Number of protein chains: 2
Amino acid sequence: MGVNRNGSADRGTAEKVLSAASRLFYANGVRAVGMERIVAESGVAKTSVYRHFHAKDELVAAFLEWEDREFWRQWDGIVAAAPNNPKAELMSLLDWIGKRVTRDGYRGCPQINVAAEFADPEHPARKIRRRHKAEMLKRLRDIVGRIGVTRPGDTAMQLGLLIDGAFTSDGRLSKASAVRILQNGAEALLAGT
Amino acid sequence: MGVNRNGSADRGTAEKVLSAASRLFYANGVRAVGMERIVAESGVAKTSVYRHFHAKDELVAAFLEWEDREFWRQWDGIVAAAPNNPKAELMSLLDWIGKRVTRDGYRGCPQINVAAEFADPEHPARKIRRRHKAEMLKRLRDIVGRIGVTRPGDTAMQLGLLIDGAFTSDGRLSKASAVRILQNGAEALLAGT
DNA sequence: GTATAATGATACCGATCGGTAGCGCTGTCA
DNA sequence: TGACAGCGCTACCGATCGGTATCATTATAC
């Protein structure tokens, strides 16, 4: 067996490690998960883990980078499937987010959660989070710009706050109401001053 | 010396410990701070620390309970100073929150930050956070009820999301714009569907 | 005085932390 | 066949984790 048949580095092993680490980090927090547990649950020897990721911080960064890419991949998928209309686009995204934050096992935004564990603003997790949230703001700003509001910067920020609030809502949003609350809230913000 | 002269337990020592622990927990995260450091920076012997708080979790809970009480104490102060008018009350609270989240050294809502470090929903930190956020929702619901909106539950939740978003904004809100963005956002949400 | 209660200092506990060394095994490619 | 690369296994490292035991010191109350 083995996935690779080419001369490049084997991706199967690194992926097994990253997959197990991501699941454990998200479910338990980074500092609560020891490397030994990642070794055990990935089925990869400790030596090999450290051959692919030279330190735990690298693994943390790889986790957040992956989450970042995956988030925007799904975002782009929603946008592509939405009617070619900025308001409908935003509503589709909020439908996606509303379902996302109320699905089983959802434990908040990984960027926010992990960054909260590291005080140093120069820690990789903090940098990746800043970039991720800046990208979010940029995209929201683009959408509200196309919709046409009087203060697009403010409105984009307000939508960003609403979304980050939903990310940290921790069960306070129900499956039945989350999408409605987000979409109606966005409508109100778009119509606002 | 010594602060106590009555028969009850000495509060000075416990307060020194809680004060140092609170500062360290908030600035660095709970798991990043060892008990030895709390001993060192509080100036209280380890034995005495454990005489007042039987485990680290108890200290964590005491920190969040104190933050909770202090938050509502300030909230009540804002409300008391505001004009007797639910909308002005809400605007005063958002003025307070906007300044709070942009002040130096602000590192997010302690309830959110600490709860993110503990996966078990029955951990004291998680329970205190749930209670804190439920209280927030209740108070917002009361205010918007007095203002009179068509769906007070939804509007209160939207305001809560906006506020929690501000709490986790991590420098994205500037001193110049935070209050305006929050207040205008709330106005829009109140006027919404 | 003397009893009582609280604190401080030091040394220590087993467990776990992130990370490394050494060595043998296995599969691929020339 | 032989070189080589990637992986697994075991044992280990110093440091730190949360928490405890022992005992001396201090201050107040009677």
Side-chain angles (χ1 to χ4, degrees), chain A residues 1-22 24-25 27-64 114 117-120 123-125, chain B residues 1-22 24-25 27-64 114 117-120 123-125:
Chain A
M1 57 162 189
V3 192
N4 65 326
R5 295 222 314 287
N6 54 4
S8 76
D10 187 358
R11 284 206 146 193
T13 303
E15 272 179 9
K16 273 193 281 185
V17 174
L18 183 54
S19 157
S22 297
L24 291 168
F25 285 161
N28 304 99
V30 168
R31 291 194 129 109
V33 174
M35 294 298 288
E36 309 266 13
R37 187 151 174 222
I38 294 173
V39 166
E41 302 210 11
S42 68
V44 172
K46 201 171 194 178
T47 323
S48 294
V49 169
Y50 276 95
R51 265 190 282 259
H52 289 277
F53 304 93
H54 307 96
K56 192 185 185 185
D57 274 356
E58 267 189 36
L59 202 41
V60 173
F63 162 49
L64 292 182
V114 174
E117 293 196 61
F118 299 96
D120 179 6
H123 188 282
Chain B
M1 58 163 188
V3 193
N4 65 326
R5 296 220 313 288
N6 53 4
S8 75
D10 187 357
R11 284 207 146 194
T13 303
E15 272 178 10
K16 273 194 281 184
V17 173
L18 183 53
S19 158
S22 297
L24 291 168
F25 286 160
N28 304 99
V30 168
R31 292 195 128 109
V33 175
M35 293 299 288
E36 309 267 13
R37 189 153 172 220
I38 294 173
V39 166
E41 302 211 11
S42 68
V44 172
K46 200 171 195 177
T47 323
S48 294
V49 169
Y50 276 94
R51 264 191 283 259
H52 289 277
F53 305 93
H54 308 96
K56 192 185 184 184
D57 274 355
E58 267 188 38
L59 203 40
V60 173
F63 162 49
L64 292 183
V114 174
E117 293 197 62
F118 299 97
D120 179 7
H123 189 282

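Just so it is clear: chains get the letters A, B, ... in the order the sequence lines come, proteins before strands, and each one is counted from 1. Not measured: the values here are computed from a predicted model.
Under the rule for a side chain to side chain donor-acceptor pair (under 3.5 Å), A:S42 has no partner lying at least two apart in sequence or in another chain. Partners of A:N28 by side chain to side chain donor-acceptor pair (under 3.5 Å), not counting sequence neighbours: none found. Take B:E58 and apply the side chain to side chain donor-acceptor pair (under 3.5 Å) test, not counting sequence neighbours, and it matches B:H54. Under the ring-ring contact (aromatic ring centres under 6.0 Å, His included) criterion, B:F118 pairs with B:H123, not counting sequence neighbours.
In this entry the distance linking CG of B:L59 with C1' of D:dG19 reads 13 Å, nearest Å. Atom OH in B:Y50 sits about 13 Å away from atom C1' in C:dC13, given to the nearest Å. Note: NZ (B:K16) to C1' (C:dT7) measures 9 Å, nearest angstrom. The separation between A:L24 atom CG and C:dC17 atom P is 12 Å, rounded to whole Å. Atom NZ of B:K56 and atom C1' of D:dG19 are 12 Å apart (whole Å). Note: NE2 (A:H54) to P (C:dA21) measures 13 Å, nearest angstrom.
Distances were taken from every side-chain heavy atom of B:A55 (C-beta onward) to each of D:dG19, D:dG8, C:dT7; the shortest belongs to D:dG19.
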Anything under 3.5 Å between a donor and an acceptor, one on a side chain of residues 30-38 of chain B, the other on a protein residue two or more places apart or in another chain? List them.
residue : atom : partner : partner atom : Å
B:R31   : NH1  : B:E117  : O            : 2.6
B:E36   : OE2  : B:K46   : NZ           : 3.1
B:R37   : NE   : B:E41   : OE2          : 3.2

Practice task
Applying side chain to side chain contact (heavy atoms under 4.5 Å, CB included), run through A:V60 and A:F25 and close with a yes or a no.
Solution key: CA-CA 8 Å; A:V60 173; A:F25 285 161; 3.9 Å; yes
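Between B:H52 and the phosphate of C:dT7, there is a side-chain N or O to OP1/OP2 separation shorter than 4.0 Å.
The stretch residues 32-47 of chain A touches DNA chain C through A:V33, A:G34, A:M35, A:K46, A:T47, each having a heavy atom within less than 4.0 Å of the strand.
Between B:V49 and A:R51, the residue anchored nearer the 5' end of DNA chain C, judged by the nucleotide with its closest heavy atom, is B:V49.
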